[in-house]
Visitor: 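Let me begin by handing over the structure; questions about it come next.
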Amino acid sequence: MTAAGMAVTGAWRDGDPVGRRRFAEIPPMRLERGTALPRARLAYETWGRLNPARDNAVLVLHAMSGDSHVAGDAEPGHPGPGWWSGVVGPGLGIDTDRWFVVCPNALGGCQGSTGPSAPASDARPWGSRWPALTIRDLVAAETAVASALGVRSWAAVVGGSMGGMRALEWALSRPEQVERAVVLAVGAEASADQIATCSVQIDAIRADPNWQAGDYYDGPAGPVDGMAIARRIAHLTYRSAMEIDSRFGRETRFGGDPLSEGFAVESWLDHVVAGLVNRFDAGTYVALTEAMNTHDIGRGRGGAVSALSRMRARPTIVGVDSDRLYPLHQQAELAEQLGVPLRVVRSQRGHDGFLVETDQVNEILAEALR
Ligand SMILES: CC(=O)SCCNC(=O)CCNC(=O)[C@H](O)C(C)(C)COP(=O)(O)OP(=O)(O)OC[C@H]1O[C@@H](n2cnc3c(N)ncnc32)[C@H](O)[C@@H]1OP(=O)(O)O
Ligand SMILES: N[C@@H](CCO)C(=O)O
């Protein structure tokens with residue numbers, strides 16, 4: 001299970017290939033907890049064209065480990081294809097022949113946006129000095145991208161999981177700027193179960209001696225073992241027990257003796273976790289996971305029901321029937337409170353169903369954007 005030999009941080013660094021990323025400067029901002037964030041930027045990518053009326057812009061928001069590369073092939077700076085390349089593109093659910101699609105890397109991220117691995121004013125990584133964020137801070141930062149592009153309002157804000165948290169917050173905090181909100185695989189607030197699951201992941205990273213209180217960037221090794229454990233925990237919550245059991249059963253690593261070589265499911269976890277650890281920064285993992293724990297659309301708004309009653313955007317609420325992390329009843333409650341039908345993705349793939357069930361997601365998105 002050792003992650004020895006992995007990179008200290010998978011964060012994007014100045015000098016790495018920029019690819020199609022562009023950058024929006026964020027003016028100094030006051031974070032929700034009162035801390036000042038002096039200077040920051042968001043990396044973003046766009047597809048399609050903003051029309052002369054500037055009314056065809058769609059903001060797509062990624063989940064915790066995603067980035068700005070929502071569509072297209074692998075390219076310099078992005079070793080894999082876009083994380084929703086089956087959903088965003090010409091003729092797809094978010095049709096880039098019609099829509100001007102914008103996808104920013106979240107504040108606190110590690111793929112070009114300012115986050116713990118990025119240089120602070122003294123040119124050293126923020127590390128332990130990085131301020132705690134809320135989901136509302138992420139949304140406040142994203143307004144800089146709209147300003148940079150001259151987008152006054154979004155025809156739609158679309159996101160799943162942590163992206164869905166931000167889509168909800170965009171619609172509630174800036175109602176005049178969001179015409180449609182498409183919210184997938186999330187609820188109105190982080191539940192105790194979700195907070196607990198996130199907290200043990202943070203604990204695993206912080207318990208790694210190479211975490212160094214968040215100031216590991218100059219050291220020989222980052223907290224790769226802690227992050228590998230965190231991602232194992234997370235990945236299991238992203239998939240369903242039914243899928244894992246039916247895919248792997250008691251199959252062994254190499255088809256031989258289970259008493260000597262262990263199980264195929266362990267080898268799968270090793271593989272998917274190594275991918276994440278190599279491309280992602282532990283400081284960002286902690287910062288964004290903590291931000292997800294703050295998710296609560298009702299905070300300061302008289303509770304979730306009161307908040308939702310003020311929604312002006314046309315909502316589409318989508319859940320995955322086998323999601324054990326953000327279970328379907330949470331989307332059912334959102335849909336009921338908003339008075340819209342719940343859209344259900346049928347899948348064995350659990351929470352990740354919103355990423356992989358592209359046919360169903362395309363159909364729902366095409367309808368939501370019609
Ligand atoms: C909205 C967002 O922004 S999220 C951002 C995108 N998310 C991520 O990138 C998170 C990490 N990735 C994932 O969670 C997943 O890859 C998904 C959800 C995107 C796609 O899931 P799937 O295609 O079902 O991948 P799955 O979990 O089956 O893993 C397949 C990999 O495991 C490997 N694998 C399968 N069985 C085994 C095994 N027994 N031993 C070792 N490796 C195995 C496959 O070869 C494949 O490898 P590859 O990805 O290098 O080609
Ligand atoms: N697999 C996705 C789902 C999280 O919601 C991710 O890693 O971001």
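Counting starts at 1 for both ligands and their atoms, in listed order. Nothing here was measured: the structure is a model prediction, and the numbers come from that model.
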Visitor: Quick one: nearest non-hydrogen protein atom to atom 23 (O) of ligand 1, plus distance?
Guide: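 Result: Arg349 NH2, 3.9 Å.
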
Visitor: Identify, by atom number and element, the atoms of ligand 1 in contact range of Arg247, meaning under 4.0 Å from any of its heavy atoms.
Guide: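 By the 4.0 Å cutoff, the relevant atoms are 26 (P), 27 (O), 28 (O), 35 (C).
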
Visitor: Is atom CG of Asp257 surrounded by more than 12 heavy atoms (other residues, nucleotides or ligands) closer than 6.0 Å?
Guide: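 It does: Asp257 CG has more than 12 such atoms within range.
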
Visitor: Among all protein non-hydrogen atoms, which one is nearest to atom 5 (C) of ligand 1, and what is the separation to 0.1 Å?
Guide: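 The closest one turns out to be Gly66 CA, 3.6 Å.
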
Visitor: Name the one of Val345, Leu92, Ile94, Val318 that satisfies side chain to side chain contact (heavy atoms under 4.5 Å, CB included) with Val361?
Guide: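 Of the listed residues Val345, Leu92, Ile94, Val318, the side chain to side chain contact (heavy atoms under 4.5 Å, CB included) partner of Val361 is Val345.
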
Visitor: Quick one: are the ring centres of His235 and Trp268 less than 6.0 Å apart?
Guide: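 Judged by ring-centre distance (under 6.0 Å), His235 and Trp268 do meet the cut-off.
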
Visitor: Among protein heavy atoms, which lies nearest atom 27 (O) of ligand 1, and at what distance?
Guide: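 The closest heavy atom on the protein side is Arg239 NH1, 2.8 Å.
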
Visitor: Measure the distances from the heavy atoms of Glu251 to every atom of ligand 1 and state whether one is below 4.0 angstrom.
Guide: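 So Glu251 does not count as touching ligand 1.
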
Visitor: Check whether Val320 and Ile364 end up in the same hydrophobic cluster, where Ile, Leu, Val, Met, Phe, Trp and Tyr are linked by side-chain heavy atoms less than 4.5 Å apart.
Guide: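 Yes; Ile364 is reachable from Val320 via cluster members.
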
Visitor: Return the residue, atom name and 0.1 Å-rounded distance of the protein heavy atom closest to atom 1 (N) of ligand 2.
Guide: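 Result for atom 1 (N) of ligand 2: Asp352 OD1, 2.8 Å.
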
Visitor: Among all protein heavy atoms, pick the one closest to atom 7 (N) of ligand 1 and tell me residue, atom and distance.
Guide: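 Here the closest protein heavy atom is Ser65 OG, 3.9 Å.
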
Visitor: Could you list the atoms of ligand 1 found under 4.0 angstrom from a heavy atom of Asp352?
Guide: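 Answer, ordered by atom number: 14 (O), 18 (C).
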
Visitor: Looking only at protein heavy atoms, which one is nearest to atom 1 (C) of ligand 1, and what is the separation?
Guide: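 The protein heavy atom lying closest is Leu355 CD2, 3.0 Å.
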
Visitor: What protein heavy atom sits nearest atom 7 (O) of ligand 2, and how far off is it?
Guide: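 The closest one turns out to be Ser65 OG, 2.7 Å.
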
Visitor: Tell me which protein heavy atom sits closest to atom 41 (C) of ligand 1, plus the residue, atom name and distance to 0.1 Å.
Guide: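 Nearest protein contact, heavy atoms only, for atom 41 (C) of ligand 1 is Ser267 OG, 3.0 Å.
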
Visitor: Heavy-atom distance to atom 11 (C) of ligand 1: which of His351, Glu243, Arg231, His62 wins?
Guide: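 It is Arg231 whose heavy atom sits nearest to atom 11 (C) of ligand 1.
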
Visitor: So, for atom 39 (N) of ligand 1, does the protein have a heavy atom nearer than 4.0 Å?
Guide: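 It does; a protein heavy atom is within 4.0 Å.
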
Visitor: Should Ala264 be counted as touching ligand 1, given the test is an N or O pair under 3.5 Å?
Guide: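 Ala264 vs ligand 1: N/O contact under 3.5 Å present.
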
Visitor: Closer than 4.0 Å and a protein heavy atom, does any atom meet both conditions relative to atom 19 (C) of ligand 1?
Guide: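 Protein heavy atom within 4.0 Å of atom 19 (C) of ligand 1: absent.
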
Visitor: Check if Val272 has a non-hydrogen atom at a distance under 4.0 Å from any atom of ligand 1.
Guide: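 Yes; Val272 lies near enough to ligand 1 that a heavy-atom distance drops under 4.0 Å.
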
Visitor: Heavy-atom distance to atom 8 (C) of ligand 1: which of Arg279, His271, Met64 wins?
Guide: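 Looking at heavy atoms only, the winner is Arg279.
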
Visitor: Have a look at Phe254, Trp268, Trp84, Phe354 and point out the one with the heavy atom closest to atom 29 (O) of ligand 1.
Guide: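 The nearest heavy atom belongs to Trp268.
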
Visitor: For atom 50 (O) of ligand 1, decide whether some protein heavy-atom distance is shorter than 4.0 Å.
Guide: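 At least one protein heavy atom is under 4.0 Å away.
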
Visitor: Is there a nitrogen or oxygen of Ala63 sitting under 3.5 Å from a nitrogen or oxygen of ligand 1?
Guide: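 Checking ligand 1 against Ala63, an N or O pair does fall under 3.5 Å apart.
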
Visitor: Who's the nearest protein heavy-atom neighbour of atom 5 (O) of ligand 2, and how far?
Guide: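 Of every protein heavy atom, Ser161 OG, 2.5 Å lies nearest to atom 5 (O) of ligand 2.
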
Visitor: Does Arg253 come within less than 4.0 Å of ligand 1, judged by its heavy atoms?
Guide: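 It does not; every heavy atom stays at 4.0 Å or beyond.
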
